[in-house]
Each structure stands twice: as C-alpha cells, then as structure tokens.
Amino acid sequence: MLDIKLIRERPDWTKQELTKVGFSGDAVDRLIECDAQRRRLQHQLDELRAQRARQSRELAQLSEQQRESARGDMRALGAHVAQGERELAELERQAEAMLLEMPNLPRPHVPVGAGEGENKIVRAELEPRAFDFEPLAHWELGQHLGIIDFDRGVKLAGTRFYVMMGAAARMERALVAWMLDVKVREQAYLEVWPPLMVNSAMVLGSGHLPKFRDTMYRDAEEDFWFIPTAEVPLTNLYAGEILEAGRLPIYLTAYTPCFRREKMSAGRDVRGIKRGHQFDKVEMVKLVTPETSDRELETLVENACEICRRLEIPFRVVQMCTGDLGFTAAAKYDVEMWAPGCGEWLEVSSCSNCADFQARRARIRFRRAPGDKPELVHTLNGSGLGLPRTLIAVLENYQNEDASVTVPKVLRPYMDGLEVIRPQARREI
RNA sequence: GGAGAGGUGGCCGAGUGGUCGAAGGCACCAGAUUGCUAAUCUGGCGUACUGGGCAACCGGUACCGAGGGUUCGAAUCCCUCCCUCUCCGCCA
C-alpha cells in the first residue's frame, strides 16, 4: 500500500511513477478527491463530536428536570454525529479500496521499461554443458526412470498434478534439507515452520488480496487461505508489531508446499512439472531498516545464486524493468537456471524488495530507539529456490547418454551417497 | 461440540453509565543524588487521523478483542462473532 500522504503531497510525481509500472494515473485523481472529501468530513465530524462531548458533560451537572428539556436537542445532535460517522466510514472504505489496488512504486535505480522484453540480464555464471547427444526433457527422463508419474497424479487430483516416487521424491527431500542447511548454517536465516493456511488479514498484508483473490485456494466455509508462497506467513510473522531496532535485520527461511490455482496461465506449461497447483519451495524473507533494503536485495539475490552455483548448474540473473515488477515489488531480480532438455531458462527464484509496501498493509514497524516514533520496516522476499524447477534443471543438466542421471555432489550426502539414478525396479514403483 | 472463566496501554493489573486515554505497579527514557556497574527521588512515557507552527511543540477526535445496538453520554449495559484459559466430549 502506498502512503496516502505521499500521494496527497506529490500527486503528479506519483502518477508519473505509477505510469512506469504500467498503472494508469487516473485512479490517483479519484483517490485524492475522495481523500479530500474524507478529510473535510472528518474535520466537521470531529468538531461535532467535541460539541456533543462538551454539552453532554454539562448535562451531567443539571437536575433531572433541566436534563429532560435538553434531551431533544441532544438527540438531534447525536443523530447528526451518527450520520456523519456513516458517511465517513463509507469514504474511508472507498479510499482504502483504491489504495489497496494500487501497485508499488519502483525504486529510483530500476530501469524504466514497458515489459518483459526490456528486462536486463545482469549476470550469468557457468557455461551450459555441450551435449554430444540430444538431451531429453525432464518429463521424458522422469518417466523413463520411473520416478515421476504424471498419469497417477492426474488420477489422484487432476491436471497439473504429478507424483514423484523413489529417487525423485528422495531428491526433492534432499534439495529441501540441503537448501535449508545452507540458509541456516551459512546465510544466517532463522528456520521457520509456518501454518500452510492463513487468514485473510495475512493475505491482505502480503498484497495477494484483494487483487489476486482468484489465484488462491481457500476454505469454503472458514477464513482460511492456502498459502501461495511461504512469503505470506513469513512476511506477516511480525504483523502488527513494533520491533526494537536491535532485532533488525530479521532473516527468515521456510520450506513449505505452495498452492496456486494457475487460472491465469491456463494452457501454459502444461507439460512436465514446471507449473503445478502444488509445489515445494524454500523461501527467504528479510525484514530490514529502510536505508538498508537496496543492499539487502543484492545479498538476497546472491543467497539464491549460491544455491545454483553449488549445484553447478548454469544460471543467470535478470533485472526486471519497471514494467515487469508486478504488484508488490519496488525492485526485482529473477534467477534463472538453464534447462537443456526443454531448452529454456527456468525462473527458479524471484527476489523482490517490497520497501514499505507490505509493511504498511501489515503494520510491521520498528523503533530506532526507545521513545522514538515507530517507522515501517522494509520487507524483501525471494525463493531459495523453487523445487520443481530446480529438480528439472538437475535432471536435465545431469543426464547421461543412457538416460540415467548423475546426482549432484552436494546432494549425495542427503541421498545415502547415491551417485547415479537409473531406471527403478518395478517393485519400487 | 458442551460448560465455565476471561480478553483493558510494551507487560502486570484496577475500573460496572458522565469529570477515564483510563488508578497502581513493572519496564523504558530524562534529570537529581549517593566515593564505582546498584539503590532512592522527581518528571516523562500509547497508536492513529486531523487543525495550527519552519520546528522541538500546542489543540481536536478516535481507539479498553472485533462488529452492531441502547443512551444526551459506553471500557462500563444488551446482541453477534473472534480469541485465550480450565473441565468434559470427540478425533488425526
């Protein structure tokens, strides 16, 4: 959520910045008008209430008879106040609704661009491997090895579901455990096991509601939303709280399944495990002081890159231009791994600095020193990494000519020393 | 799910219709004082919106789990919901 004061004081600048992220400035004018009305009414109402309080206090001093005669006027005044309160509530609701639909503004250093086409590759590491045979796509490898079962996934749940068995299931678990170990042991993150369902206030705080309502699963009867990413519970962990400055920065990590309806991408990426309704992810979230967030984004990206590097899989970092930032990000980098089988760069991590956008919604604040006014923290989040796509990259990069797959060195200790995945015996399937 | 108790400021905890943003204590901050990190005393100490001032600041309003209601006036009375604790039931 943007700061209404900023919009009020610098409307033209706000509109200009919103245009950079592809959002029409018209809403700003409507918001400012609504806000001005709201403030006018609030002022009138405040005075009315002050008058009521004053007269009501005087009434208390009067005798019962005198009081009786004054009641008529007082009743009218009370009704007047109630009417004003109703109108004010409506104006507040409208202003709030507009504000909640407005995307974040870009950080000043983010390159201006209209969309995906103008993103910039800012870094690339490791050379794609030269194959002397035609590399298979992961769905071919997975089926050949008997470790990914698409048909049974569909049987159990429906399209966009699959079942991992044997070495794939084992590798999924190995990846999770290994990534968490790197986060916790070497990158100073605190491991968290959050709820996988949260209430609507949390999803509002993270910026997923109201705009992305139909991208999420929810309980039909109760106020539970299945998390689309661990970013939601992690970012909201300290929602509504005022933290002491000494506690910042806070680095959090969690492995969770993620649930997404994927209505927006119907028909896209239907093959393989690239895009499912449920997937695993290790997530990183940072709560930091405002002046450090730009720097913290760089190290967040580096934390994601380190995972790719140790898996020895070619990757690149893409800086999003203003037009591709999405709703909550003020700056964003994607980390992409090369997948030689399906021949594409796979987004395995998306690292964002949300500045105070989520903190304002979720009211996450800190105090620099005792007695100081609370300030909003800055929040950042990034995948560290998304599991299915990482698994795709592992399978496709580490495949051998006989369609077996070599296990990356870093994962072997997590897989009982297994070095090569070969077709599974029938009974294992 | 049933019964009971309860939700008040950073924490503990008073307050059952008016002068309560709310006693008292703890914590915290500032100052004073004592021949050393402790004690004592004095003062300060919520959040948000809003009016005024360049500003430290001054004023108004709202907020006592949430939402409705009664009333001239609600932390206080009534209703609904949520949450916590205890006991019972049920269950992975």
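These figures come from a predicted structure and were not determined experimentally. Quick note on labels: first sequence line is chain A, next is B, and so on, each numbered from 1.
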### Base-pairing assignment for B/A48 (Watson-Crick or G-U wobble, both under 3.5 Å)
B/U61
### Residues in side chain to side chain contact (heavy atoms under 4.5 Å, CB included) contact with A/Ala27, at least two apart in sequence or another chain
A/Phe23, A/Arg30, A/Met102
### Query
Is A/Arg295 salt-bridged to A/Glu298, going by a charged N under 4.0 Å from an acidic O?
no
#### Entry: Base paired to B/U80 (Watson-Crick or G-U; both N/O distances under 3.5 angstrom)
B/A66
### Distance below 4.0 Å between A/Arg40 side-chain N/O and B/U50 OP1 or OP2
no
### Message
Do A/Glu191 and A/Tyr255 pair up side chain to side chain, a donor and an acceptor below 3.5 Å, judged on atom types alone?
### Response
no
### Message
If I take atom CG in residue A/Leu77 and atom P in nucleotide B/G73, what distance separates them, rounded to the nearest angstrom?
### Response
9 Å
### A/Asn303 side chain to A/Tyr251 side chain, donor-acceptor N/O pair below 3.5 angstrom
no
### Message
Measuring to OP1 and OP2 of B/U50, would you say a side-chain N or O of A/Arg8 lies under 4.0 angstrom away?
### Response
yes
### Message
Pairing check on B/G10: which nucleotide meets the Watson-Crick or G-U wobble criteria with it, both distances under 3.5 Å?
### Response
B/C26
### Task
Verify the distance criterion only: is there a donor paired with an acceptor across the side chains of A/Glu306 and A/Gln187 at less than 3.5 Å?
no
### Query
Rounded to whole angstrom units, what separation is found between the CD atom of A/Glu47 and the C1' atom of B/U61?
10 Å
### Task
Assign A/Arg54 to base, sugar-phosphate, or nothing according to its heavy-atom contacts below 4.0 angstrom with the strands shown.
nothing
### Summary
Applying the 3.5 Å cut-off to both distances, the Watson-Crick or G-U partner of B/G21 turns out to be none
### Message
Can you identify which nucleotide, out of B/C49, B/U47, B/G51, has its nearest atom closest to the A/Arg363 side chain?
### Response
B/U47
### Query
Considering every strand shown, what is the Watson-Crick or G-U wobble mate of B/A32 when both distances are under 3.5 Å?
B/U40
#### Entry: Partner nucleotide, any strand, of B/A92 [Watson-Crick/G-U, under 3.5 Å]
none
### Task
Grab the CD-C1' distance between A/Glu85 and B/C63 for me, whole Å please.
13 Å
### Task
Could you tell me whether the phosphate oxygens of B/C72, OP1 or OP2, come under 4.0 Å of any side-chain nitrogen or oxygen in A/Arg75?
yes
### Query
Is it the case that A/Gln83 and A/Arg86 place a side-chain donor and acceptor less than 3.5 Å from each other?
yes
### Message
For the C1' atoms, the ones on B/C83 and on B/A22, what distance do you get once it is rounded to whole angstrom?
### Response
23 Å
### Task
Rounded to the nearest angstrom, tell me the gap between atom CD in A/Glu375 and atom P in B/U47.
13 Å
### Query
Roughly how many Å is it from CZ in A/Arg368 to C1' in B/C29, rounded to a whole number?
18 Å
### Query
Considering heavy-atom distances to RNA chain B, does A/Ala50 or A/Pro374 have its closest nucleotide positioned more toward the 5' end?
A/Pro374
### Query
Quick one: is A/Arg365 getting a side-chain N or O under 4.0 Å of the B/A48 phosphate, OP1 or OP2?
yes
### Query
Side chain of A/Ser56: nearest nucleotide among B/A48, B/G18, B/A62?
B/G18
### Message
Expressed as a whole number of angstroms, how long is the span from A/Gln55:CD to B/G60:P?
### Response
16 Å
### Query
Between atom CG in A/Asp35 and atom P in B/U50, what is the gap in whole Å?
7 Å
### Query
Any chance the side chains of A/Asp334 and A/Ser350 put a donor and an acceptor closer than 3.5 Å?
yes
### Distance between C1' atoms of B/A39 and B/U34 (Å, rounded)
9 Å
#### Entry: Residue-phosphate contact under 4.0 Å: A/Lys373 side-chain N/O, B/G46 OP1/OP2
no
### Query
If we take the P atom in both B/C26 and B/G13, what is their distance in whole Å?
15 Å
### Task
Go ahead and name the base partner of B/C85; Watson-Crick or wobble counts if both distances stay under 3.5 Å, otherwise write none.
B/G4
### Query
Taking the side chain of A/Arg57 as its heavy atoms from C-beta onward, which of B/U19, B/C49, B/G51 lies nearest to it?
B/U19
### Task
Using heavy atoms to find the nearest nucleotide of RNA chain B for A/Ala53 and A/Ala79 separately, return the residue whose nucleotide is more 5′.
A/Ala53
### Message
In whole Å, I'd like the distance from the CD atom of A/Glu96 to the P atom of B/C49.
### Response
12 Å
### Message
Tell me which nucleotide, if any, is Watson-Crick or G-U wobble paired with B/U71 when both distances must be under 3.5 Å.
### Response
none
